2 protein chains.
Amino acid sequence: MVTLDEVAKEAGVSMATASRVLNGSTRRVGALTRTRVESAAAKLRYRVDSTAQTLARGESNVVGLIVQDLFDPYFAEIADGVIRAADLHDMVVTIGTTYRDPEREIAHVATLTAQRARVMLIVGGRMADESVIRRLRAELDVYRAAGGQVAVIGQQVLGVDTVSPLSREGGYQLARALAGRGHRRFAVLAGPARQLSAIERTAGFLDGLSDLGFPAPFVVHGGFDRDGGYDSALELLDMNTDVTCVFAVTDSMAAGALAAFRERGVQVPRDLSLAGFNDVPSLHDVIPALTTVRLPLARMGALALELALSHEDVPRVVPVPGEVVLRESVSDLTGASPDLV
Amino acid sequence: MVTLDEVAKEAGVSMATASRVLNGSTRRVGALTRTRVESAAAKLRYRVDSTAQTLARGESNVVGLIVQDLFDPYFAEIADGVIRAADLHDMVVTIGTTYRDPEREIAHVATLTAQRARVMLIVGGRMADESVIRRLRAELDVYRAAGGQVAVIGQQVLGVDTVSPLSREGGYQLARALAGRGHRRFAVLAGPARQLSAIERTAGFLDGLSDLGFPAPFVVHGGFDRDGGYDSALELLDMNTDVTCVFAVTDSMAAGALAAFRERGVQVPRDLSLAGFNDVPSLHDVIPALTTVRLPLARMGALALELALSHEDVPRVVPVPGEVVLRESVSDLTGASPDLV
DNA sequence: CTGTTAGCGCGTTCAA
DNA sequence: TTGAACGCGCTAACAG
């Protein structure tokens with residue numbers, strides 16, 4: 001690989017000059033020398049070594065991104081937003097996936113620290129396990145002590161910059177919207193009992209119902225993904241409740257629930273209404289169209305990066321409201337209009 | 001950030017020794033010294049600087065991955081496989097997305113070269129544009145000249161290690177399978193006219209039909225994604241053909257086509273049968289279940305990494321066969337059994 | 001088994 | 001405006 005000083009020699013200048021024209025910020029170089037260096041670099045097919053730059057500058061251009069699972073469209077969309085934003089800053093994105101294993105999360109933080117990532121973005125509902133959180137925070141502390149910037153997308157538990165989807169409020173608004181359709185008796189497929197964002201969404205939903213004076217819903221815990229929704233839905237059906245509407249705390253879970261209902265001959269929304277959360281685009285074509293709470297995932301990813309890059313001393317929290325989107329999967333029980341759009 | 005020689009001082013040993021116990025491969029260090037170094041490192045919260053390691057070793061631990069769009073489950077699943085495999089090798093994955101823009105692809109290759117990525121994985125059907133391919137190849141050449149390893153997932157056009165989905169054969173087998181269900185008159189939603197994998201799938205399909213002595217299908221070109229399928233399907237309907245079965249060269253396109261058919265009141269598979277390609281898991285819940293050709297995407301990603309890591313002088317090609325999966329979206333016209341599983 | 005030394009490729013003072 | 005020299009944090013000979 002061609003190095004900078006080979007280019008310098010070829011151009012008949014010093015390394016310092018070559019560095020200035022090829023990578024320097026202050027461009028105080030004579031026009032002639034500049035073109036000489038540039039053509040030498042082109043001729044030799046010179047490519048900077050950004051690892052050497054990182055070492056010399058003490059600052060890298062890598063964005064570390066930690067997600068649970070790229071396979072989940074929720075994370076994929078956020079990752080997409082991060083990558084787009086990073087591109088604008090000429091930064092590269094290193095992705096680590098945890099598959100919901102906190103140990104892997106901690107390991108990734110360590111790895112990204114070793115990479116001297118300039119910023120680190122952590123996505124996804126942390127589990128409410130104190131001991132794990134403590135160790136994660138410890139690992140983050142050594143990263144930050146070295147000048148690294150951290151931003152989190154999700155629950156605000158780490159004392160760092162946070163892009164915070166208003167899960168609780170989303171659940172709350174969803175409850176009111178569903179009530180507006182005439183539903184009174186609900187069930188919640190609540191996901192893992194210790195998953196913070198699942199907890200928040202459920203809690204907001206419960207609050208909404210309780211403020212309305214409605215009975216508390218049936219709550220079924222289970223996995224956070226499609227299969228979790230499927231299993232929870234079957235479990236719910238076996239309980240033989242009289243609910244008219246089911247809230248799955250994730251679109252993926254709702255998709256699973258839909259499959260389960262279908263298998264059991266339960267028609268949505270005729271026999272049972274269903275709502276999800278996130279408004280994942282890849283689920284836009286499911287039938288019936290899913291009522292859900294929309295989150296601007298890609299924008300949240302970009303936002304997190306900007307937050308981390310523009311770091312200030314005091315941790316900031318950017319709340320991101322969700323938007324209830326009523327679609328066919330929820331029936332209208334008010335009698336006013338039996339058909340939905 | 002704590003450096004290696006601070007650790008060495010703390011432990012009362014030389015940097016070399018500290019390096020050996022903390023990062024060296026040959027672990028010929030006395031037990032006592034070893035523990036002394038280890039506890040010093042722990043006490044000081046030392047974290048290696050892998051950029052410095054890269055510089056010193058002349059070899060990095062980053063895997064560069066170039067995909068078109070993380071949002072597309074096809075790429076997301078491959079990326080997942082790559083990340084998992086990289087993890088096994090203690091390597092990190094840097095992802096760049098091209099959004100199908102060849103210029104961005106070339107730019108990413110340059111960036112990853114600058115990062116001194118140890119291997120580079122390029123995924124996705126290249127466009128059949130000679131001039132772009134030439135420039136891409138030129139950029140790859142400087143990367144490879146520096147000792148970088150490249151593997152491609154997709155069409156074999158670059159003279160490097162390739163994981164090659166047997167698109168043509170997949171299309172061929174699909175044609176035969178559909179014929180086995182009694183279909184004779186087909187249409188193909190063929191995607192972009194210059195997209196290699198789309199071309200291959202279509203060509204194989206045509207071959208299959210022609211070998212069977214069936215008439216050539218209607219071919220509609222369009223976008224490669226969900227919306228492309230949607231638009232192409234509408235276009236097909238407007239042509240008022242008498243086809244009984246439609247092959248969309250992508251599952252995402254098939255999903256879009258399904259939506260279009262539904263809007264127009266065309267029921268699948270009663271009025272029209274539909275098949276896709278890829279067997280994307282996130283589409284497993286669509287109704288009716290999609291007949292498709294399954295590709296082991298995650299495994300292909302892992303495979304590509306192994307290929308690149310175990311580089312040999314002569315470029316290798318690993319063909320990956322697809323598997324036809326017949327599901328409800330294709331009706332059985334043979335009359336033998338009017339209902340499908 | 002351990003220490004000394006010389007780079008890896010680049011940015012950046014400090015002089016000229 | 002340009003060049004010489006040092007250092008970033010670490011590994012890898014080479015000695016001892």
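Values in this document were obtained by computation on a predicted structure and should not be read as measured data. Chain naming here is simple, since letters A, B, ... match the order of the sequence lines and numbering starts at 1 in each.
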Exercise. Should Asp141(B) and Arg137(B) count as an ion pair when the cut-off is N to O under 4.0 Å?
Worked result: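 No salt bridge links Asp141(B) with Arg137(B).
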Exercise. Is Asp72(A) salt-bridged to Arg100(A), cutoff N-O under 4.0 Å?
Worked result: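 Looking at Asp72(A) and Arg100(A), the cut-off is met.
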How many whole angstroms separate atom [atom1] of [X] from atom [atom2] of [N]?
| X | N | atom1 | atom2 | value |
| --- | --- | --- | --- | --- |
| Gln115(A) | dG9(D) | CD | P | 17 Å |
| Met1(A) | dC10(C) | CE | C1' | 14 Å |
| Gln53(A) | dG7(D) | CD | C1' | 16 Å |
| Leu22(A) | dG11(C) | CG | C1' | 13 Å |
| Arg20(A) | dG9(C) | CZ | P | 21 Å |
| Leu4(A) | dC10(C) | CG | P | 5 Å |
| Leu55(B) | dC10(C) | CG | P | 9 Å |
| Met15(B) | dG7(C) | CE | P | 16 Å |

OP1 or OP2 of [N] less than 4.0 angstrom from a side-chain nitrogen or oxygen of [X], does that happen here?
| X | N | value |
| --- | --- | --- |
| Thr33(B) | dT2(C) | yes |
| Ser19(A) | dC10(C) | no |
| Thr17(A) | dT2(D) | no |
| Ser14(A) | dG3(D) | yes |
| Asn23(A) | dG11(C) | yes |

Exercise. Which sits closer to the 5' end of DNA chain C, Val13(B) or Ala56(B), going by the nucleotide each is nearest to?
Worked result: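 Residue closer to the 5' terminus by nearest nucleotide: Val13(B).
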Problem set entry | Sugar-phosphate only, base, or nothing, as touched by Gly58(A) at under 4.0 Å among non-hydrogen atoms |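 It contacts nothing in the nucleic acid.
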Exercise. Shortest non-hydrogen contact from Ala79(B) to Leu70(B)?
Worked result: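 It is CB-CD2, 4.1 Å.
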For this session: For Val13(B) and Ala18(B), work out which heavy atoms get closest and say how close.
Result: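 Nearest heavy atoms, Val13(B) then Ala18(B): CG2-N, 4.2 Å.
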For this session: Report yes or no: is there a donor-acceptor pair, N or O only, under 3.5 Å between the side chain of Arg116(B) and the base of dG9(C)?
Result: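 No pair found.
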For this session: For Arg104(B), look at atom CZ and say whether over 12 heavy atoms of other residues, nucleotides or ligands are found less than 6.0 Å away.
Result: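 Above 12, so yes.
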